[in-house]
Amino acid sequence: MSVLIKNGTIVNADQSFQADVLCADGKIQEIGSNISAPSGAEIIDAAGQYVMPGGIDPHTHMQLPFMGTVASEDFYTGTAAGLAGGTTMIIDFVIPAPQQNIMEAYHQWREWSQKAVADYSFHVAITWWDETVHADMQTLVEKYGVNSFKHFMAYKGAIMATDEILVNSFNRALELGAICTVHAENGDMVAQLQNKIFEMGITGPEGHPLSRPPEVEGEAASRAISIANVYGVPLYVVHVSTKQSLEAITRARNAGQKVFGEVLAGHLLIDESVYLDKNFESAAAHVMSPPFRAKEHQDALWKGILSGNLQTTATDHACFCNDQKAAGKDDFRITPNGTAGIENRMEVLWHHGVNTGLFNMNEFVKLTSTNAAQIFNIYPRKGTISVGADADIVVWDPEATKTISAKTHHQNIDFNIFEGMKVKGCASHTISAAKVVYANGELKVERGAGKYIDRPAYASFYQGLDVQAEINKPKSVNR
Ligand code: DUC
Ligand code: ZN
Ligand code: ZN
């Protein structure tokens, strides 16, 4: 069975052109004019529409066990919701509990993800350290196609990586040709501020952003960047939400350091006033870390995109329903942290980025797909409409409109942080592995059809890094 997309405009990161696209056996087989349909082919007439690489969300947490509960969205519902919004691949996170064998955690997540309906891969978090972790990182890179390790600099007493862990892990990643990623918040400061604010009598969701001010993120981002610089390891800072951390990234990049920045659709569009909502359910539904920020940070983040200092967009999709958020009714410190967004990331970025003229369609493709594929080393298998690439495609109708709502979304959560937002430009069809899995509002997914995607280790990142050469040079002292 094949799929022929006719009469559309292909939009890649580098160019746009009119052509038909023939997909079969999981891959893009042919791109050209007037391709004739093989017998039995499903034909999509994409006249007036854009044919783009399927979105890659490099930051999701399906089925995450976290803060005493488990995220309501699993790999089946979550990848299906992604397809409904044009996202055809996720990179999720294996997060071992402290002292848990990381291979055991990895295999646990692989088992949970068997039901995915779209392709997926995993970053693996380093939450503790000993010789087994050192050895398992090699196994993950060489045998299981993991090329990125995550470090939570927050969540003290749980999954927080201390500086000692960062130093050990960053060094090991460098040896293995892997990239390091960080959730940049100073966990010691967060814990101290949380207690202080709670003891002042601020117990509701409004205490959440107060306990995580922008400087807490800026300090951690700067520290991670400095450590990465000393060892010469590339660094990817997830969910950059403040101008402080963006400035740290920008400074490092200007100095030639290999640092990347990710921004969440939510942080671009939602501000901290949500935590002052009198309705507890609504305020608690926005509790995520880092929190939503004052508007000046949103302006800085859009500029970070335009200047190229932020390269990817993600969601940090971590769903907790109202009854789960209720755990924090009298204590914001124990509210499960997380918000949804995988289904809406592409349409809100299109609406607020392309329709407003901030960036063009090709830049949209870079921000939603190609840059993630390149940074995480799966390009050109993913992130491009090219012959031989995986047939993961979104057909985008720039004229379609919708009003985002929890009542109509496919995400398994009873709240939508973009509730009521009207957007113009949406996925009309999504193709995953050469099959039409979403068409005009209807999902046609097959449980377990998603594949695990190996991501090879990097080699070229490490050539010519002066800092590393300096460290390796034998030193002698003449007295
Ligand atoms: N932040 C969240 O809000 N949820 C999951 C993990 C994280 O870092
Ligand atoms: Zn995080
Ligand atoms: Zn996250």
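For ligands, and for the atoms within them, numbers begin at 1 and follow the listed sequence. Throughout, residue positions are numbered sequentially from 1 according to the sequence presented. This structure is a prediction, so every number in the text was calculated from the model and none was measured.
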* **Ionic contact status for D271 with R293, cut-off 4.0 Å** => no
* To do: Determine, for K382 against D119, whether the closest basic-nitrogen to carboxylate-oxygen distance falls under 4.0 angstrom.
  => yes
* Structure fact -> Taking every heavy atom of H239 against every heavy atom of H59, the minimum-distance pair comes out as CD2-CE1, 3.4 Å
* Using 4.0 Å as the upper bound for N to carboxylate O, is an ion pair formed by E281 and K325? -> no
* Can you tell me how far the CG atom of N344 sits from the CD atom of Q411, to the nearest 0.5 Å? -> 5.0 Å
* **Every residue of the protein that comes under 4.0 Å of ligand 1, judged on heavy atoms** => H61, F66, F152, Y155, H183, H239, M288, S289, D316, N337, G338
* With a 4.0 Å cut-off, would you call R172 and E175 a salt bridge? -> yes
* On the ring face of F93, is K150 found with NZ or CZ under 6.0 Å from the centre and within 45° of the axis? -> yes
* Electrostatic pair E217:R212 at N-O distance under 4.0 angstrom -> no
* Asked: Given Q298 and H267, is the side chain to side chain donor-acceptor pair (under 3.5 Å) satisfied, shown in steps?
  -> CA-CA 7 Å; Q298 286 170 40; H267 282 140; over 6 Å; no
* To do: Tell me the protein N, O or S atoms under 2.8 Å from the Zn ion (ligand 3), in chain and number order.
  => H59 NE2, H61 NE2, D316 OD1
